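Worth saying up front: this structure is predicted, and the values here are computed from it rather than measured. The chain is numbered in sequence order, starting from 1. Numbering of ligands and ligand atoms starts at 1, following listing order.
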Amino acid sequence: MIHMNDFSAEPEELKKAQREAFESVMNSGYYILGPQVKNFEDNWAKTLEARYCVGVANGLDAIEIGLRVSGIGSGDEVITTPMTAFATVLAIVRAGATPVLADIDASTGLMDPDSAKRCISKRTRAILLVHLYGQIKAMETWQNLCRDHDILLLEDCAQSHLSRWHGQSAGTFGAWGAYSFYPTKNLGALGDAGAFITKDEALDKKARQLRNYGQSERYHHPTLGMNSRLDELQAAILSARLRFLESFTQTRREIANIYYDGISNPLVEVLKRPDAPENHCHHLFVVKTNRRSELMEHLKSHQIESLIHYPVPIHKQKSLQQVQHDPQGLTQVEKYAETCLSIPCHPHMTRATATHVVEVINRFV
Ligand SMILES: *Cc1c(COP(=O)(O)O)cnc(C)c1O
């Protein structure tokens, strides 16, 4: 079976580095917010050329913490996309704010700036961009839109590790960026982990307090925070895995190129190819087809796994049916959710396997 991810195929060198990381933390007797966390925060900040990085428990918390340190809460509206992981919108709700959903551009699945503009009201405080599947695009458009309306630009980077726009890393374009290191992300821990990044010293300080009960120094609590600490074990594992991220990302790009160059079936449309390789880290490779269930069956019969990201847009979720959205509706995303399909694209696939996937897709009738 060709899977969406294959951890068992990871290089021996990486497995060894992880065992050493584990051993070193176990022997240190330091398990929460210690030197490994500090080391990973420094490593990740340096990789992204971000000034500050705060390790937290997961990606959902990273977004919630970001909203809270920006003073966004009850009565405030945050514009985002309905084509995302549920956590993006859940974080807005958990911060006490009101999500407002804009429609997408069906050629990429990314939020449409014109629709986002129609969602702006007197209560809008921010636009929360999601670099879906690893795509980063038109950042000047978003920066200008936010500047013109005096609102914050925020980035959900859970899928965009090492994606860059004109050499600048995802997460560094607005007030802050939120990363997830859930195991299947391009940089993943062996459990839950996340990070908050910012260039603003005050936000960094507030985020550090918030992740640890709102504590400024031991047993002093100027604010009411949460428990969203990153543990030493995950931080040590992340530092070990980070050393492989650049080459793994390069392999993902090569697999994606085989797909872009090879898929030629008129029944299957690939999403828009990025303008430059750096604009995409290929967390997922997504195609669209009007005959999705048949294509999934066809792939499965050739031992190829596929998944849908995402089958249910946020406004169709039972818990969020009353959510606010673009007054002109969300027609693009509704159609998109019925046609999108993710095919295997991970760094432990061979070029031959990718070519085989292309051939199987091109034979689909
Ligand atoms: C995975 C993901 C999250 C949530 O991250 P967790 O670490 O699972 O909490 C948020 N947003 C997007 C776009 C994601 O893909």
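The closest protein non-hydrogen atom to atom 12 (C) of ligand 1 is A158 CB, 3.4 Å. When hydrogens are left out, the protein atom nearest atom 1 (C) of ligand 1 is K185 NZ, 1.7 Å; that is the closest non-hydrogen contact. Nearest non-hydrogen protein atom to atom 4 (C) of ligand 1 is A87 CB, 3.5 Å. Ranking the protein heavy atoms by distance from atom 9 (O) of ligand 1 puts L60 N, 2.9 Å first.
The T84 neighbourhood of ligand 1 comprises atoms 13 (C), with distances under 4.0 Å to a heavy atom of that residue. The distance from ligand 1 to the heavy atoms of G59 drops below 4.0 Å at these ligand atoms: 5 (O), 6 (P), 7 (O), 9 (O). Each of the following atoms of ligand 1 lies closer than 4.0 Å to a heavy atom of V130: 13 (C).
Salt bridge status for R273 with D261: present, with a side-chain N to carboxylate O gap under 4.0 Å. A salt bridge is absent between E77 and R125; no separation between the charged side-chain nitrogens and carboxylate oxygens falls under 4.0 Å.
No close placement of the Y133 and H280 rings is indicated, their centers lying 6.0 Å or farther apart. Checked against the 6.0 Å centroid criterion, the rings of Y310 and Y336 do not qualify as a close aromatic pair.
On a distance-only criterion, D156 and ligand 1 share at least one N/O pair closer than 3.5 Å. Among the atoms of S180, some N or O lies under 3.5 angstrom from an N or O of ligand 1.
N265 and R363 form no side-chain donor-acceptor contact under 3.5 Å, judged by distance and modelled atom types alone.
Between H161 and W44, the two ring planes are tilted [angle within 30° to 60°].
If you look at D61 next to ligand 1, there are no close heavy atoms at all, none under 4.0 Å.
Checked options D105, T81, D326; the residue passing with S115 is D326 (criterion: side chain to side chain donor-acceptor pair (under 3.5 Å)).
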